[in-house]
Amino acid sequence: MLARTAALRLATSASARTTVPRAVFAATQTRSTATTTKTTDAEAYSILVAQRKQRPISPHLTIYQPQLTWYMSSLNRITGVALAASVYLYGIGYVIAPYAGLHLESASLAAGMAALPIAAKIAIKSAIASPFVYHAFNGVRHLTWDTARELSIKGVYRTGYAVIALTTVGAGYLIFGV
Amino acid sequence: MSFIRPTLLRPVVAPRFVAAPRTAIAAFHATPKHNIMPAGPQVIDGTINDPAPVPEQNSKHGAYHWSFERLLSVGLIPLTIAPFAAGSVHPVLDATLGATLVLHSHIGFQACIADYFPMRNWPTLHKGSKILLNIGTAIVLYGLYEFETNDVGITEAVKRVWTA
């Protein structure tokens, strides 16, 4: 009895909210609590829109198993945005430097770099070289895919590991070998 | 101390009122900790029976655009290797490297705007960031011109800073 009452209450509140016209067979059952409301097309549409805005949203990144594929893909965009943002910041900075009293000429930057301790130099070079080398090699990986090569699970992993190895070697060379 | 397993010691009489289970959908994406990229405002266009709109065909936004992206990307390979191989490059080649990098970045930023501020959910932000990007790219290209004419060029500048 309790469950039925609850179900009825649910149905009532739902119908009041949705105003879905329901077929009522008066001869077989009476449901005095159920009400129907006449709505215009515009009202019905606005109710529909309001309902569809309540629909559940797909879960995001956090529910997926960490895998090389999508981790490297994300890293490609993150490194790309970081590098491009650096280029833009420097480019805009170089334009406004004379008006803002900044010194961004190559001579000033080189002098500033020379004055830094070795640890800071390594940190700065790592922060620039690692994303640059990764994005460069992973870009070549993407271009390989664009020619319809290595487009298999095996190929994606093989090229992925190759990019990681090349990035380690290349960035290591740029940081410590140059 | 009882020899009966604890699982057998559950109450014999079930509670009369069982709390309704809370909706499970909120668990992941509503938790601030996991809310990496919150969903934007939900937008409904048309009714549920409308067909998906077919975008207007325009090869500038399709095949040519794709090819141009690849052209820039492929071109960056020799342009990036040349300074390493030769030690220094001609100013024109240096400027080409810079311009290609800026255009490559511009297209990359456009892709980010399309992905993260889609027109459907964020019309104002979408248009605004596109305008800002165009202004930014123009300023950066002007800065590149200034840098190439007044300074030592990208390749030489990177070399001097890197070996400082």
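In what follows, chains carry the letters A, B, and so on, assigned in the order in which the sequence lines appear, proteins first and then strands, with residues in each chain numbered from 1. Fair warning: this is a prediction, and the values are worked out from it, not measured in the lab.
- Per-residue heavy-atom pair counts under 4.5 Å with chain A were compared for B:Lys159, B:Glu156, B:Glu146, and the maximum is reached by B:Glu146.
- With hydrophobic clusters built from ILVMFWY side chains whose heavy atoms lie under 4.5 angstrom apart, A:Leu75 shares a cluster with A:Tyr161.
- Each of A:Val133 and A:Val140 belongs to its own hydrophobic cluster when Ile, Leu, Val, Met, Phe, Trp and Tyr are linked at side-chain heavy-atom distances under 4.5 angstrom.
- By the neighbour-count criterion of 12 heavy atoms within 6.0 Å, atom OH of A:Tyr45 is densely surrounded, having more than that number from other residues, nucleotides or ligands.
- The closest side-chain heavy-atom distance from B:Asp115 to A:Arg77 is below 4.5 Å.
- Residue with the most contacts toward chain B among A:Ala114, A:Ala115, A:Ser106: A:Ser106 (heavy-atom pairs, distance under 4.5 Å).
- Of the atoms belonging to B:Ser73, heavy atoms from both backbone and side chain fall under 4.5 Å from chain A.
- One distance of note links OH of A:Tyr88 with CG of B:Leu133; it measures 5.0 Å at 0.5 Å rounding.
- Side-chain atoms of A:Lys121 come within 3.5 Å of backbone atoms of B:Ala164 as a donor-acceptor pair (strictly under, hydrogens ignored).
- Linking ILVMFWY residues whenever their side-chain heavy atoms come closer than 4.5 Å, directly or via other members, leaves B:Ile81 and B:Leu71 in distinct clusters.
- For A:Trp70, the ring-ring contact (aromatic ring centres under 6.0 Å, His included) test picks out no residue, with sequence neighbours left out.
- When the candidates B:Thr137, B:Leu144, B:Thr163 are compared by the number of heavy-atom contacts under 4.5 Å with chain A, B:Thr137 comes out ahead.
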B:Ile139 vs A:Ile96, test: side chain to side chain contact (heavy atoms under 4.5 Å, CB included). Steps then yes/no.
CA-CA 10 Å; B:Ile139 297 174; A:Ile96 63 166; 6.0 Å; no

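- Chain B forms more heavy-atom pairs under 4.5 Å with one residue of A:Ala110, A:Gly112, A:Ala136, A:Gly93 than with any other, namely A:Ala110.
- Atom CG of A:Asp41 is surrounded by 12 or fewer heavy atoms from other residues, nucleotides or ligands within 6.0 Å.
- Neither the backbone nor the side chain of A:Phe137 comes within contact range of chain B, judged by heavy atoms closer than 4.5 Å.
- With hydrophobic clusters built from ILVMFWY side chains whose heavy atoms lie under 4.5 angstrom apart, B:Val92 does not share a cluster with B:Leu97.
- Atom CZ of residue B:Arg70 and atom CG of residue A:Asp146 lie 4.5 Å apart, to the nearest 0.5 angstrom.
- Atoms CH2 and CE, on B:Trp162 and A:Met113 in that order, are 6.5 Å from each other to the nearest 0.5 Å.
- The NE2 atom of B:His104 sits 9.0 Å away from atom CG of A:Leu83, with the distance rounded to the nearest 0.5 Å.
- Looking at A:Ile92, the atoms closer than 4.5 Å to chain B (heavy atoms on both sides) sit in the backbone and in the side chain alike.
- Using a 4.5 Å cut-off between heavy atoms, A:Ala97 makes no contact with chain B at all.
- Contacts between B:Val74 and chain A at a heavy-atom distance below 4.5 Å involve backbone atoms as well as side-chain atoms.
- Going from atom OH of A:Tyr94 over to atom CG of B:Asp151 covers 4.0 Å, rounded to the nearest 0.5 Å.
- Linking ILVMFWY side-chain heavy atoms closer than 4.5 Å, directly or via other members, places A:Leu166 and A:Tyr134 in a single hydrophobic cluster.
- The contact list for residues 171-178 of chain A toward chain B, using heavy atoms and a distance under 4.5 Å, reads A:Leu174, A:Val178 by residue number.
- Here the side chains of B:Val140 and A:Val95 are not in contact, with every heavy-atom distance at 4.5 Å or above.
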